[in-house]
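Please read all numbers here as calculations on a predicted model, not as lab measurements. Per chain, numbering begins at 1; letters A, B, ... match sequence-line order.
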There are 2 protein chains.
Amino acid sequence: MSESDEVTTSCKRGARREEKRAKIVQVAQRHFTEHGFGNTTMSAIAADLGGSKTTLWSYFSSKEDLFAAALDDWIDRVKPVFDVQREGTLQETLNRYGCEFLRQMLSPQIQTLFRLMIAEGQRFPKMGHIFYERAPLRRQKALACYLEWEMAEGNFRKVDGLRASAQFHHLCFYRLFMHSMWGLEPDTSPAAIRSEVEEAVEMFLFGYATGQQHPA
Amino acid sequence: MSESDEVTTSCKRGARREEKRAKIVQVAQRHFTEHGFGNTTMSAIAADLGGSKTTLWSYFSSKEDLFAAALDDWIDRVKPVFDVQREGTLQETLNRYGCEFLRQMLSPQIQTLFRLMIAEGQRFPKMGHIFYERAPLRRQKALACYLEWEMAEGNFRKVDGLRASAQFHHLCFYRLFMHSMWGLEPDTSPAAIRSEVEEAVEMFLFGYATGQQHPA
DNA sequence: CACTCATCGTACTCTCCAGTACGATTACCT
DNA sequence: AGGTAATCGTACTGGAGAGTACGATGAGTG
């Protein structure tokens, strides 16, 4: 967004400006993610920076501008391990991947990000798209890719890989995740995570019906 | 909460007070669910009521008080059709139930309720518990009851009914629901709903693995 | 009728906070 | 050195909105 503004005539000035901007965004991020949009004040950010408000406004012309920049940067930074380590059976791989995924989703950072996206989503319609494409969709594509490989190997029914991938993610995380969002303080120990994911994987692969075969 | 305060010495006065209170809560509810907590003003509620601000504060001593009351009442009122109509096969029943469920979840009211729960959840820690028990949990129990019946009939693997129920609900609604939350404006036509639920049901019952039987 | 409680309207205080004005200071650049 | 951009601190404006004060008007009760 701000790299290619124009050829920076001076070197140190331009560099400092970038640095400062980054620092502002970083501080703003902390405030926004700790208190949300409404309860964060520009004055507090300026004070925290040690600088003056004037300077703040010379970088971002409004609070919403700053928020957008902070969220942008945050989303860029949230690049958790999307990789699917293809070791062992399909079942083993899904278990391993699922546990790692769920563990990440239960981290405070991700919780806060979701909370912000949902709470302020109305105010920034574009944010939703950006967020969705960079985080959940990217994830789902990565797993879909793996699932399609397993389809080719003959270990997985031939279905829409992306949808199956989304289904798997939802199965793994929404129960504990939403409980956590609602303040129910669910058990998020490694053992609980493992159990949650195991149930999901088993159902995902084998289903619950008895005495019948796949319709397809 | 306010029924058993004390024996109302006068009859008409007490009755009117209850009525008025209910009306206030109702109006407040509309405002809160339409604009959220932060963007709702007490003055607007008073104006909408036709009454004066003084009266408002004679019923609720603060904005947060009123919000709590409104949410309380709302949660009481959210009693969508939890019943599972047991007609046709397991598959048919799940499809019918799932579609109705998803349809309800995509309504603006439910969306807003979730948004409020998540956004203001920090401010009202108790709310999360109340909400969870009255809405999602109640739902999941209703379906779990049906699933356990199907287990007894031999059509469903013998597993934890509540967890399976939760899994089914999550499979059905989270994809479209969250897309809608993020402002992605997904297709929510009856056809799209049907398709989403069909995929969920099929996976739920039969799984995706090929060439193997249930491990249990 | 006398009394009381609820309500009303209006105008007010108080606080918080985004955003601005302005003059002074400190880098950097040529 | 002299010019220029960025920065600083402080004090201000302006608006929004929670909550209050107060005097007036009814309606219900005894």
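- For C:dT7, the OP1/OP2 oxygens have a side-chain nitrogen or oxygen of B:R17 closer than 4.0 Å.
- Between B:E100 and B:R103 there is a salt bridge, since at least one side-chain N of the basic residue sits less than 4.0 Å from a carboxylate O of the acidic one.
- Residue A:M42 contributes atom CE, which lies 15 Å from atom C1' of C:dC16 at whole-angstrom precision.
- Using bins of under 30°, 30° to 60° and over 60° for the plane-to-plane angle, the ring pair B:F156/A:Y208 lands in the tilted bin.
- Remark: nothing in residues 44-51 of chain A comes within less than 4.0 Å of DNA chain C through any heavy atom.
- For the segment residues 53-64 of chain A, residues with any heavy atom less than 4.0 angstrom from an atom of DNA chain C are, sorted by number, A:K53, A:T54, A:W57, A:S62, A:K63.
- Here the side chain of A:R138 pairs a donor or acceptor atom with the backbone of A:R134 at under 3.5 angstrom.
- Listed pair B:R16 / D:dG28 meets the phosphate criterion, a side-chain N or O lying under 4.0 Å from OP1 or OP2.
- Within a 6.0 Å sphere centred on CD of B:E185, other residues, nucleotides and ligands contribute 12 heavy atoms or fewer.
- For the pair A:L66 CG and C:dC17 C1', the interatomic distance rounds to 15 Å; values are reported in whole Å.
- Dense packing is recorded around CD of B:E34, with more than 12 heavy atoms of other residues, nucleotides or ligands lying under 6.0 Å away.
- Residue A:K20 places at least one side-chain N or O closer than 4.0 Å to OP1 or OP2 of D:dC8.
- Between B:F168 and B:F204, the angle of the ring planes lies from 30° to 60°, which puts this pair in the tilted group.
- When the C1' atom of D:dT7 is taken as reference, atom NZ of A:K23 falls 14 Å away, rounded to whole Å.
- Side-chain N or O atoms of B:H169 include one that pairs as donor or acceptor with a backbone N or O of B:S165 at under 3.5 Å.
- Panel note: side chain B:R139, backbone B:F101; no donor-acceptor pair is recorded below 3.5 Å.
- Summarising the geometry, the separation between CD on B:E19 and C1' on C:dA6 is reported as 14 Å, rounded to the nearest angstrom.
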